[in-house]
Amino acid sequence: MTRLTEYLLPTEKQAPADAEAISHKLMVRAGLIRQMGAGMWTWLPAGWRVHQRVVRIVREEIDAIGGREMLMPVLQPAEPWRKTGRLDIEELFKLHDRKGADLVLAMTHEEAVTFHAAQTIDSYRDLPLILYHFQVKERDEPRPRAGVLRTREFVMKDSYSFDRDQAGLEERYALHVGAYDRIMERTGLRFYRVESDVGMMGGLGAHEYMAPCPAGEDRVALGDGYAANVEVARHDPHVRHLGEGTAQETWTRDGQALTLEPAIEIGNIFKLGTRYSEPLGATYLDEHGSELPIWMGSYGIGPARVVAAAVEQFADEHGISWPPALAPFAVHLVAIGRPGTPERDAAEALYAKLIEAGVDVLYDDREAGAGEKFADAELLGCPLRLTVGRKSVESGEAEVQIRRDRLQAPGVALDSEPQALKRAIEELCAG
RNA sequence: CGGGGCGUGGCGCAGCCUGGUAGCGCACCUGCUUUGGGAGCAGGGGGUCGCCGGUUCAAAUCCGGCCGCCCCGACCA
(Lines give C-alpha, C1' and ligand atoms only; values in the text may rest on other atoms or scores of the structure.)
Protein backbone atom coordinates (compact mmCIF):
# COMPACT_ATOMS: atom_id res chain seq x y z
CA MET A 1 0.00 0.00 0.00
CA THR A 2 2.71 2.44 0.92
CA ARG A 3 6.36 2.37 -0.01
CA LEU A 4 8.49 4.81 1.88
CA THR A 5 10.32 5.71 -1.32
CA GLU A 6 7.01 6.92 -2.72
CA TYR A 7 5.86 8.69 0.43
CA LEU A 8 6.53 11.95 2.26
CA LEU A 9 7.75 11.18 5.77
CA PRO A 10 10.30 13.86 6.65
CA THR A 11 11.78 12.55 9.89
CA GLU A 12 14.28 14.58 11.87
CA LYS A 13 16.94 13.51 14.32
CA GLN A 14 16.65 16.74 16.22
CA ALA A 15 13.46 18.36 17.42
CA PRO A 16 12.80 22.02 16.62
CA ALA A 17 14.68 24.11 19.16
CA ASP A 18 11.55 25.86 20.38
CA ALA A 19 9.52 22.71 20.98
CA GLU A 20 8.82 21.93 24.60
CA ALA A 21 5.98 19.40 24.80
CA ILE A 22 6.69 15.74 24.06
CA SER A 23 3.94 15.53 21.49
CA HIS A 24 5.16 18.67 19.75
CA LYS A 25 8.72 17.36 19.46
CA LEU A 26 7.81 13.84 18.43
CA MET A 27 5.06 14.69 15.96
CA VAL A 28 7.42 17.03 14.13
CA ARG A 29 10.34 14.62 14.34
CA ALA A 30 8.27 11.70 13.10
CA GLY A 31 7.16 13.66 10.05
CA LEU A 32 3.49 13.91 11.05
CA ILE A 33 3.06 17.68 11.19
CA ARG A 34 4.78 20.89 10.12
CA GLN A 35 4.20 24.45 11.23
CA MET A 36 3.24 27.42 9.05
CA GLY A 37 2.83 30.03 11.75
CA ALA A 38 1.81 30.45 15.38
CA GLY A 39 -1.02 28.02 15.95
CA MET A 40 -1.18 27.10 12.27
CA TRP A 41 -0.23 23.55 11.41
CA THR A 42 -0.17 21.29 8.40
CA TRP A 43 -0.86 17.59 8.77
CA LEU A 44 1.50 15.63 6.57
CA PRO A 45 0.34 12.33 5.05
CA ALA A 46 1.22 10.01 7.94
CA GLY A 47 -0.11 12.47 10.51
CA TRP A 48 -3.33 12.90 8.61
CA ARG A 49 -3.81 9.14 8.57
CA VAL A 50 -3.73 9.17 12.37
CA HIS A 51 -6.11 12.12 12.51
CA GLN A 52 -8.50 10.32 10.19
CA ARG A 53 -8.38 7.19 12.35
CA VAL A 54 -9.79 9.25 15.18
CA VAL A 55 -12.34 10.82 12.86
CA ARG A 56 -13.52 7.40 11.74
CA ILE A 57 -14.04 6.17 15.30
CA VAL A 58 -15.93 9.33 16.22
CA ARG A 59 -18.09 9.14 13.11
CA GLU A 60 -19.02 5.52 13.77
CA GLU A 61 -20.04 6.21 17.35
CA ILE A 62 -22.01 9.37 16.63
CA ASP A 63 -23.76 7.65 13.74
CA ALA A 64 -24.57 4.82 16.13
CA ILE A 65 -26.58 7.13 18.41
CA GLY A 66 -28.49 8.51 15.44
CA GLY A 67 -26.31 11.48 14.55
CA ARG A 68 -26.81 12.89 11.04
CA GLU A 69 -23.62 14.12 9.44
CA MET A 70 -23.70 17.39 7.50
CA LEU A 71 -21.37 20.35 6.82
CA MET A 72 -21.72 23.99 7.81
CA PRO A 73 -19.51 26.85 6.65
CA VAL A 74 -16.66 28.42 8.59
CA LEU A 75 -17.17 31.80 6.95
CA GLN A 76 -20.43 33.16 8.29
CA PRO A 77 -22.48 36.33 8.49
CA ALA A 78 -21.98 38.17 11.77
CA GLU A 79 -25.68 38.67 12.39
CA PRO A 80 -26.52 35.44 14.26
CA TRP A 81 -23.49 36.07 16.48
CA ARG A 82 -24.82 39.51 17.25
CA LYS A 83 -28.15 37.97 18.21
CA THR A 84 -26.60 35.47 20.63
CA GLY A 85 -24.35 38.12 22.11
CA ARG A 86 -21.17 36.36 21.09
CA LEU A 87 -20.00 38.84 18.46
CA ASP A 88 -17.77 40.67 20.90
CA ILE A 89 -15.81 37.60 21.98
CA GLU A 90 -12.15 38.48 21.51
CA GLU A 91 -11.20 35.06 20.17
CA LEU A 92 -13.71 35.42 17.34
CA PHE A 93 -12.10 36.37 14.02
CA LYS A 94 -14.08 39.19 12.41
CA LEU A 95 -13.72 40.34 8.84
CA HIS A 96 -15.49 42.17 6.04
CA ASP A 97 -16.16 41.22 2.48
CA ARG A 98 -15.65 43.58 -0.47
CA LYS A 99 -19.08 45.06 0.04
CA GLY A 100 -18.30 45.85 3.64
CA ALA A 101 -20.60 43.19 5.10
CA ASP A 102 -19.67 41.94 8.57
CA LEU A 103 -18.46 38.36 8.59
CA VAL A 104 -16.91 36.06 11.14
CA LEU A 105 -14.86 32.87 11.05
CA ALA A 106 -16.74 30.42 13.21
CA MET A 107 -15.05 29.30 16.40
CA THR A 108 -17.84 26.80 16.98
CA HIS A 109 -21.17 26.21 15.24
CA GLU A 110 -24.02 26.83 17.67
CA GLU A 111 -25.11 29.92 15.74
CA ALA A 112 -25.07 28.17 12.37
CA VAL A 113 -26.84 25.02 13.43
CA THR A 114 -29.45 26.94 15.42
CA PHE A 115 -30.01 29.30 12.50
CA HIS A 116 -30.86 26.27 10.37
CA ALA A 117 -32.91 24.64 13.09
CA ALA A 118 -35.00 27.81 13.17
CA GLN A 119 -35.56 27.53 9.41
CA THR A 120 -36.17 23.82 9.11
CA ILE A 121 -37.59 22.44 12.35
CA ASP A 122 -41.25 23.31 12.69
CA SER A 123 -43.02 20.60 14.59
CA TYR A 124 -42.62 18.29 17.56
CA ARG A 125 -42.71 15.60 14.86
CA ASP A 126 -39.26 16.79 13.70
CA LEU A 127 -37.80 16.12 17.15
CA PRO A 128 -35.63 14.72 18.57
CA LEU A 129 -32.68 15.22 16.23
CA ILE A 130 -28.89 14.99 16.38
CA LEU A 131 -26.89 16.86 13.72
CA TYR A 132 -23.13 16.92 13.48
CA HIS A 133 -20.18 17.71 11.32
CA PHE A 134 -16.41 17.67 11.24
CA GLN A 135 -15.37 21.19 10.46
CA VAL A 136 -12.51 23.60 10.99
CA LYS A 137 -12.79 26.01 13.90
CA GLU A 138 -11.00 29.34 13.92
CA ARG A 139 -9.98 30.96 17.18
CA ASP A 140 -7.80 34.00 17.69
CA GLU A 141 -6.04 32.43 20.65
CA PRO A 142 -4.02 34.75 22.85
CA ARG A 143 -1.37 32.10 23.08
CA PRO A 144 -1.20 29.09 20.80
CA ARG A 145 1.15 26.48 22.22
CA ALA A 146 2.63 23.00 22.24
CA GLY A 147 2.32 22.05 18.58
CA VAL A 148 -1.11 20.80 17.80
CA LEU A 149 -2.37 21.00 21.37
CA ARG A 150 -3.62 24.58 21.22
CA THR A 151 -3.94 26.02 17.73
CA ARG A 152 -5.81 28.85 16.09
CA GLU A 153 -7.32 26.55 13.50
CA PHE A 154 -8.34 22.96 14.12
CA VAL A 155 -10.88 20.37 13.09
CA MET A 156 -13.62 19.60 15.58
CA LYS A 157 -16.43 17.15 15.54
CA ASP A 158 -19.32 19.10 16.97
CA SER A 159 -22.76 17.62 17.32
CA TYR A 160 -25.94 19.33 18.39
CA SER A 161 -29.05 17.79 19.82
CA PHE A 162 -32.57 19.14 19.48
CA ASP A 163 -35.38 18.17 21.82
CA ARG A 164 -38.81 19.40 22.81
CA ASP A 165 -38.04 19.63 26.50
CA GLN A 166 -35.47 19.17 29.20
CA ALA A 167 -36.25 15.48 29.65
CA GLY A 168 -35.49 14.95 25.99
CA LEU A 169 -32.24 16.88 26.31
CA GLU A 170 -31.23 14.65 29.21
CA GLU A 171 -31.79 11.62 26.99
CA ARG A 172 -29.74 13.00 24.12
CA TYR A 173 -27.08 14.01 26.58
CA ALA A 174 -26.93 10.53 28.04
CA LEU A 175 -26.59 9.09 24.54
CA HIS A 176 -23.61 11.33 23.97
CA VAL A 177 -22.05 10.31 27.27
CA GLY A 178 -22.27 6.72 26.09
CA ALA A 179 -20.90 7.52 22.65
CA TYR A 180 -18.04 9.57 24.08
CA ASP A 181 -17.14 6.88 26.58
CA ARG A 182 -16.97 4.37 23.74
CA ILE A 183 -14.95 6.72 21.55
CA MET A 184 -12.39 7.26 24.27
CA GLU A 185 -12.17 3.59 25.05
CA ARG A 186 -11.70 2.72 21.41
CA THR A 187 -8.87 5.20 20.98
CA GLY A 188 -6.94 3.40 23.70
CA LEU A 189 -6.28 6.58 25.65
CA ARG A 190 -6.28 6.89 29.41
CA PHE A 191 -9.10 9.33 30.11
CA TYR A 192 -11.48 10.66 32.70
CA ARG A 193 -14.96 12.06 32.29
CA VAL A 194 -15.20 14.94 34.71
CA GLU A 195 -17.80 17.47 35.65
CA SER A 196 -16.91 20.88 34.35
CA ASP A 197 -17.88 24.48 34.51
CA VAL A 198 -20.53 25.43 32.02
CA GLY A 199 -18.49 28.56 31.29
CA MET A 200 -19.83 31.19 28.96
CA MET A 201 -21.47 28.55 26.78
CA GLY A 202 -24.23 28.87 29.26
CA GLY A 203 -26.51 26.04 30.13
CA LEU A 204 -27.43 23.43 32.62
CA GLY A 205 -24.54 21.08 33.00
CA ALA A 206 -21.41 19.92 31.31
CA HIS A 207 -18.72 17.28 31.31
CA GLU A 208 -15.23 17.26 29.98
CA TYR A 209 -13.22 14.32 28.76
CA MET A 210 -9.70 14.70 30.04
CA ALA A 211 -6.62 12.76 28.98
CA PRO A 212 -3.91 12.93 31.62
CA CYS A 213 -0.50 13.79 30.22
CA PRO A 214 2.49 15.95 31.10
CA ALA A 215 1.68 18.70 28.59
CA GLY A 216 -1.87 19.09 29.88
CA GLU A 217 -3.10 22.64 30.37
CA ASP A 218 -5.79 21.72 32.86
CA ARG A 219 -5.74 19.71 36.02
CA VAL A 220 -8.11 17.04 37.22
CA ALA A 221 -8.73 16.13 40.84
CA LEU A 222 -9.00 12.38 41.27
CA GLY A 223 -10.21 10.27 44.16
CA ASP A 224 -11.84 6.88 44.55
CA GLY A 225 -14.92 7.16 42.35
CA TYR A 226 -14.42 10.88 41.98
CA ALA A 227 -13.03 12.87 39.07
CA ALA A 228 -13.50 16.59 38.51
CA ASN A 229 -11.91 19.53 36.87
CA VAL A 230 -9.97 21.34 39.61
CA GLU A 231 -12.04 24.45 38.93
CA VAL A 232 -15.15 22.50 39.83
CA ALA A 233 -13.52 20.71 42.77
CA ARG A 234 -12.44 24.08 44.09
CA HIS A 235 -16.07 25.05 44.55
CA ASP A 236 -17.20 21.67 45.88
CA PRO A 237 -18.20 22.10 49.53
CA HIS A 238 -16.92 18.58 50.24
CA VAL A 239 -13.43 19.47 49.05
CA ARG A 240 -10.78 20.96 51.31
CA HIS A 241 -7.44 22.20 50.10
CA LEU A 242 -4.49 22.46 52.40
CA GLY A 243 -1.29 24.30 51.70
CA GLU A 244 -2.55 25.58 48.38
CA GLY A 245 0.14 26.74 45.98
CA THR A 246 2.91 25.06 47.98
CA ALA A 247 4.84 21.90 47.27
CA GLN A 248 2.83 20.12 49.97
CA GLU A 249 -0.50 21.14 48.46
CA THR A 250 -3.06 18.44 49.25
CA TRP A 251 -6.74 18.25 48.48
CA THR A 252 -9.21 16.09 50.30
CA ARG A 253 -12.86 15.27 49.68
CA ASP A 254 -14.82 14.12 52.70
CA GLY A 255 -11.48 13.26 54.25
CA GLN A 256 -10.24 11.23 51.29
CA ALA A 257 -7.05 12.44 49.63
CA LEU A 258 -7.34 13.61 46.03
CA THR A 259 -4.54 13.51 43.52
CA LEU A 260 -4.14 16.31 41.01
CA GLU A 261 -3.03 15.40 37.51
CA PRO A 262 -2.32 17.59 34.49
CA ALA A 263 -4.57 16.68 31.59
CA ILE A 264 -5.61 17.72 28.11
CA GLU A 265 -9.25 18.43 27.43
CA ILE A 266 -10.06 16.23 24.45
CA GLY A 267 -13.82 16.52 24.47
CA ASN A 268 -16.63 18.40 26.13
CA ILE A 269 -20.37 18.11 26.23
CA PHE A 270 -22.88 20.78 27.26
CA LYS A 271 -26.53 20.95 28.05
CA LEU A 272 -27.35 24.23 26.38
CA GLY A 273 -31.06 24.37 27.08
CA THR A 274 -32.59 27.28 25.20
CA ARG A 275 -29.50 29.52 25.37
CA TYR A 276 -29.25 29.64 21.56
CA SER A 277 -32.71 28.63 20.39
CA GLU A 278 -34.35 31.63 22.06
CA PRO A 279 -32.24 34.45 20.60
CA LEU A 280 -32.25 32.80 17.17
CA GLY A 281 -35.93 31.91 17.20
CA ALA A 282 -35.57 28.13 16.93
CA THR A 283 -38.99 26.98 18.01
CA TYR A 284 -41.45 24.18 17.28
CA LEU A 285 -45.17 23.71 17.59
CA ASP A 286 -46.38 21.08 20.04
CA GLU A 287 -49.52 18.92 19.81
CA HIS A 288 -51.63 21.82 21.06
CA GLY A 289 -50.23 24.31 18.58
CA SER A 290 -48.13 26.10 21.19
CA GLU A 291 -44.85 27.59 19.98
CA LEU A 292 -42.00 26.48 22.25
CA PRO A 293 -38.22 26.88 22.17
CA ILE A 294 -36.14 23.85 21.21
CA TRP A 295 -33.93 22.39 23.91
CA MET A 296 -30.39 21.95 22.71
CA GLY A 297 -27.15 20.28 23.65
CA SER A 298 -23.71 20.65 22.08
CA TYR A 299 -20.96 18.09 22.05
CA GLY A 300 -17.40 18.64 20.86
CA ILE A 301 -14.33 16.53 20.36
CA GLY A 302 -10.98 17.55 18.88
CA PRO A 303 -9.28 14.75 16.96
CA ALA A 304 -5.97 16.62 16.95
CA ARG A 305 -5.92 16.68 20.73
CA VAL A 306 -6.75 13.01 20.87
CA VAL A 307 -3.75 12.39 18.63
CA ALA A 308 -1.45 14.60 20.70
CA ALA A 309 -2.66 13.03 23.93
CA ALA A 310 -1.94 9.57 22.55
CA VAL A 311 1.59 10.64 21.68
CA GLU A 312 2.07 12.13 25.14
CA GLN A 313 0.72 9.14 27.01
CA PHE A 314 2.62 6.41 25.23
CA ALA A 315 5.90 7.89 24.04
CA ASP A 316 9.22 6.56 25.24
CA GLU A 317 12.82 7.58 24.65
CA HIS A 318 12.73 6.04 21.17
CA GLY A 319 9.66 7.87 19.95
CA ILE A 320 5.95 7.40 19.54
CA SER A 321 4.12 4.20 20.43
CA TRP A 322 0.60 4.36 19.05
CA PRO A 323 -2.40 2.59 20.47
CA PRO A 324 -3.23 0.19 17.60
CA ALA A 325 -6.51 1.94 16.84
CA LEU A 326 -4.72 5.19 16.02
CA ALA A 327 -1.50 4.02 14.37
CA PRO A 328 -0.89 5.38 10.87
CA PHE A 329 -0.04 1.83 9.80
CA ALA A 330 -0.51 -1.48 11.57
CA VAL A 331 2.81 -2.79 10.31
CA HIS A 332 6.11 -1.10 9.55
CA LEU A 333 8.00 -3.49 7.27
CA VAL A 334 11.75 -2.95 7.22
CA ALA A 335 13.78 -4.40 4.38
CA ILE A 336 17.46 -4.84 5.05
CA GLY A 337 19.83 -5.47 2.19
CA ARG A 338 20.11 -3.85 -1.16
CA PRO A 339 17.80 -4.37 -4.10
CA GLY A 340 18.49 -7.52 -6.03
CA THR A 341 19.49 -9.61 -3.02
CA PRO A 342 17.47 -12.63 -1.88
CA GLU A 343 16.56 -10.85 1.36
CA ARG A 344 15.20 -7.87 -0.52
CA ASP A 345 13.21 -10.18 -2.78
CA ALA A 346 11.81 -11.84 0.33
CA ALA A 347 10.82 -8.45 1.74
CA GLU A 348 9.08 -7.52 -1.51
CA ALA A 349 7.22 -10.81 -1.49
CA LEU A 350 6.11 -10.33 2.09
CA TYR A 351 5.00 -6.78 1.31
CA ALA A 352 2.89 -8.02 -1.58
CA LYS A 353 1.36 -10.67 0.65
CA LEU A 354 0.52 -8.16 3.39
CA ILE A 355 -1.24 -5.97 0.85
CA GLU A 356 -3.15 -8.96 -0.43
CA ALA A 357 -4.19 -9.72 3.15
CA GLY A 358 -5.50 -6.19 3.54
CA VAL A 359 -3.00 -5.19 6.21
CA ASP A 360 -2.14 -1.49 6.56
CA VAL A 361 1.57 -1.64 5.93
CA LEU A 362 4.30 0.92 5.50
CA TYR A 363 7.21 -0.62 3.63
CA ASP A 364 10.64 0.88 4.19
CA ASP A 365 12.19 0.11 0.82
CA ARG A 366 14.75 2.90 0.98
CA GLU A 367 18.43 2.38 0.35
CA ALA A 368 19.46 3.14 3.88
CA GLY A 369 21.25 1.42 6.71
CA ALA A 370 19.43 -0.87 9.09
CA GLY A 371 20.04 1.42 12.04
CA GLU A 372 18.43 4.37 10.35
CA LYS A 373 15.41 2.32 9.35
CA PHE A 374 14.95 0.89 12.83
CA ALA A 375 15.28 4.31 14.40
CA ASP A 376 12.69 5.80 12.04
CA ALA A 377 10.32 2.90 12.65
CA GLU A 378 10.52 3.36 16.40
CA LEU A 379 10.11 7.11 16.03
CA LEU A 380 6.95 6.72 13.92
CA GLY A 381 5.63 4.15 16.38
CA CYS A 382 3.53 1.67 14.41
CA PRO A 383 2.48 -1.22 16.70
CA LEU A 384 4.45 -3.88 14.85
CA ARG A 385 7.77 -3.84 13.07
CA LEU A 386 8.53 -6.66 10.71
CA THR A 387 12.13 -7.04 9.62
CA VAL A 388 13.30 -9.00 6.64
CA GLY A 389 17.04 -9.43 6.18
CA ARG A 390 19.59 -12.10 5.55
CA LYS A 391 18.65 -13.85 8.79
CA SER A 392 15.06 -14.08 7.59
CA VAL A 393 16.06 -15.82 4.41
CA GLU A 394 17.95 -18.39 6.45
CA SER A 395 15.25 -18.92 9.08
CA GLY A 396 12.28 -18.48 6.77
CA GLU A 397 10.76 -15.95 9.18
CA ALA A 398 10.37 -12.21 9.43
CA GLU A 399 11.45 -10.89 12.78
CA VAL A 400 8.68 -9.18 14.76
CA GLN A 401 9.10 -6.38 17.23
CA ILE A 402 6.18 -5.04 19.22
CA ARG A 403 6.70 -1.32 19.50
CA ARG A 404 5.21 -0.97 22.98
CA ASP A 405 8.12 -1.82 25.31
CA ARG A 406 10.06 -2.93 22.21
CA LEU A 407 9.28 -6.56 22.88
CA GLN A 408 10.61 -9.28 20.64
CA ALA A 409 7.75 -11.49 19.44
CA PRO A 410 7.92 -14.85 17.70
CA GLY A 411 8.67 -14.43 14.00
CA VAL A 412 6.12 -14.90 11.27
CA ALA A 413 6.78 -17.42 8.53
CA LEU A 414 7.56 -15.85 5.17
CA ASP A 415 5.53 -18.53 3.44
CA SER A 416 2.38 -17.91 5.50
CA GLU A 417 -0.87 -17.66 3.63
CA PRO A 418 -2.09 -14.04 3.48
CA GLN A 419 -5.08 -14.67 5.73
CA ALA A 420 -2.95 -16.46 8.31
CA LEU A 421 -0.57 -13.53 8.18
CA LYS A 422 -3.40 -11.11 8.79
CA ARG A 423 -4.67 -13.11 11.75
CA ALA A 424 -1.20 -13.35 13.26
CA ILE A 425 -0.77 -9.59 12.94
CA GLU A 426 -4.14 -8.83 14.44
CA GLU A 427 -3.35 -11.06 17.41
CA LEU A 428 -0.01 -9.38 17.94
CA CYS A 429 -1.63 -5.95 17.72
CA ALA A 430 -4.30 -6.92 20.19
CA GLY A 431 -1.62 -7.50 22.72
C1' C B 1 -2.41 41.15 27.62
C1' G B 2 2.16 41.22 31.49
C1' G B 3 7.20 38.87 31.92
C1' G B 4 11.38 36.34 29.61
C1' G B 5 13.95 34.47 25.30
C1' C B 6 15.10 33.72 20.19
C1' G B 7 15.30 34.96 14.53
C1' U B 8 22.16 32.95 10.19
C1' G B 9 20.47 26.95 3.93
C1' G B 10 15.27 21.73 5.40
C1' C B 11 16.81 20.59 11.11
C1' G B 12 20.40 21.78 15.10
C1' C B 13 24.12 25.50 15.86
C1' A B 14 28.87 28.85 15.71
C1' G B 15 30.25 33.69 14.06
C1' C B 16 28.06 39.38 16.59
C1' C B 17 31.16 41.75 22.29
C1' U B 18 36.24 43.72 19.11
C1' G B 19 32.59 45.78 11.45
C1' G B 20 36.47 43.56 6.27
C1' U B 21 32.20 40.26 1.53
C1' A B 22 29.33 33.59 5.87
C1' G B 23 30.97 28.64 8.58
C1' C B 24 30.11 23.65 11.24
C1' G B 25 27.14 18.92 12.18
C1' C B 26 22.91 16.45 10.20
C1' A B 27 19.97 16.26 5.77
C1' C B 28 20.32 16.69 0.15
C1' C B 29 22.89 15.51 -5.08
C1' U B 30 26.93 12.40 -7.94
C1' G B 31 30.44 8.28 -7.86
C1' C B 32 32.70 4.14 -5.43
C1' U B 33 32.70 1.08 -1.15
C1' U B 34 29.20 -0.48 2.67
C1' U B 35 24.27 -2.88 4.52
C1' G B 36 20.90 -6.34 11.33
C1' G B 37 20.91 -0.40 15.30
C1' G B 38 21.17 6.63 12.83
C1' A B 39 28.06 3.92 7.59
C1' G B 40 33.06 5.41 4.94
C1' C B 41 35.83 8.04 1.18
C1' A B 42 35.83 11.63 -2.76
C1' G B 43 33.32 15.39 -5.27
C1' G B 44 29.01 18.85 -5.32
C1' G B 45 24.43 22.12 -4.77
C1' G B 46 21.76 25.36 -1.71
C1' G B 47 21.64 31.08 2.60
C1' U B 48 19.82 39.12 -0.28
C1' C B 49 22.22 36.36 7.87
C1' G B 50 13.51 38.15 9.61
C1' C B 51 12.21 43.24 7.32
C1' C B 52 12.96 48.58 6.74
C1' G B 53 15.95 52.61 7.73
C1' G B 54 20.53 54.81 9.79
C1' U B 55 26.04 55.12 10.86
C1' U B 56 30.43 53.72 7.94
C1' C B 57 35.00 53.30 2.55
C1' A B 58 32.72 48.67 4.34
C1' A B 59 27.21 45.88 8.43
C1' A B 60 25.22 38.98 10.03
C1' U B 61 28.14 42.14 13.42
C1' C B 62 26.94 48.94 15.66
C1' C B 63 22.15 52.22 16.25
C1' G B 64 16.65 52.97 15.56
C1' G B 65 11.95 51.16 14.17
C1' C B 66 8.94 47.19 12.73
C1' C B 67 7.66 41.99 12.01
C1' G B 68 7.81 36.91 13.29
C1' C B 69 8.36 32.72 16.58
C1' C B 70 8.88 30.15 21.45
C1' C B 71 8.39 29.70 26.84
C1' C B 72 6.04 31.25 31.79
C1' G B 73 1.69 33.65 33.62
C1' A B 74 -3.33 35.65 32.68
C1' C B 75 -7.10 33.77 29.33
C1' C B 76 -9.30 29.38 27.20
C1' A B 77 -17.26 29.90 24.66
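Numbered from 1 within each chain, the chains take letters A, B, ... in sequence-line order.
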Practice problem: Check if the side chain of Glu378(A) and the base of rG38(B) share a donor-acceptor pair of N or O atoms closer than 3.5 Å. | Solution: no

Quiz item: Where the side chain of Arg29(A) is defined as all heavy atoms beyond and including C-beta, which of rG38(B), rG36(B), rC72(B) is the nearest nucleotide?
Solution: rG38(B)

Self-check item: Minimum-distance nucleotide (side-chain atoms of Ser392(A) versus rG38(B), rC69(B), rG36(B))
Solution: rG36(B)

Exercise. Measure from the side chain of Lys13(A), starting at C-beta and using heavy atoms only, and say which of rG37(B), rG38(B), rC76(B) lies closest.
Key: rG38(B)

Quiz item: Once each nucleotide of nucleotides 1-8 of chain B is scored for protein heavy atoms under 4.0 Å, what B/S/- sequence comes out, 5' to 3'?
Solution: B-------

Quiz prompt | Separation of the C1' atoms in rA14(B) and rG53(B), to the nearest angstrom | solution = 28 Å

Practice problem: Residues of residues 302-313 of chain A with any non-hydrogen atom less than 4.0 angstrom from an atom of RNA chain B: list those, numerically ordered, please. | Solution: none

Quiz prompt | Any donor-acceptor N or O pair under 3.5 Å, side chains Asp365(A), Tyr351(A) | solution = no

Exercise. If a pair satisfies salt bridge (Lys or Arg N to Asp or Glu O under 4.0 Å) and one of its residues is in residues 27-52 of chain A, list it, with sequence neighbours excluded.
Key: Glu12(A)-Arg34(A), Arg49(A)-Asp360(A)

Quiz item: Side chains of Glu208(A) and Asn268(A): do they bring a donor and an acceptor to under 3.5 Å?
Solution: no

Exercise. Give a yes-or-no answer on whether the side chains of Thr108(A) and Glu110(A) include a donor-acceptor pair shorter than 3.5 Å.
Key: yes

Self-check item: Of residues 359-372 of chain A, the positions that come close to RNA chain B - non-hydrogen atoms, cut-off under 4.0 Å
Solution: Ala368(A), Ala370(A), Gly371(A), Glu372(A)

Practice problem: For RNA chain B, find the residues of residues 335-348 of chain A with a heavy-atom distance under 4.0 Å and give them by number; none if there aren't any. | Solution: Ile336(A), Gly337(A), Arg338(A)

Practice problem: Would you kindly check if the NZ (Lys) or CZ (Arg) of Lys157(A) is within the cone defined by 45 degrees around the ring axis of Phe134(A) and under 6.0 Å from the six-membered ring centre? | Solution: no

Quiz item: So among His176(A), His109(A), His133(A), which one has a ring-ring contact (aromatic ring centres under 6.0 Å, His included) with Tyr299(A)?
Solution: His176(A)

Quiz prompt | Nucleic acid contacts - residues 170-178 of chain A versus RNA chain B, non-hydrogen atoms under 4.0 Å | solution = none

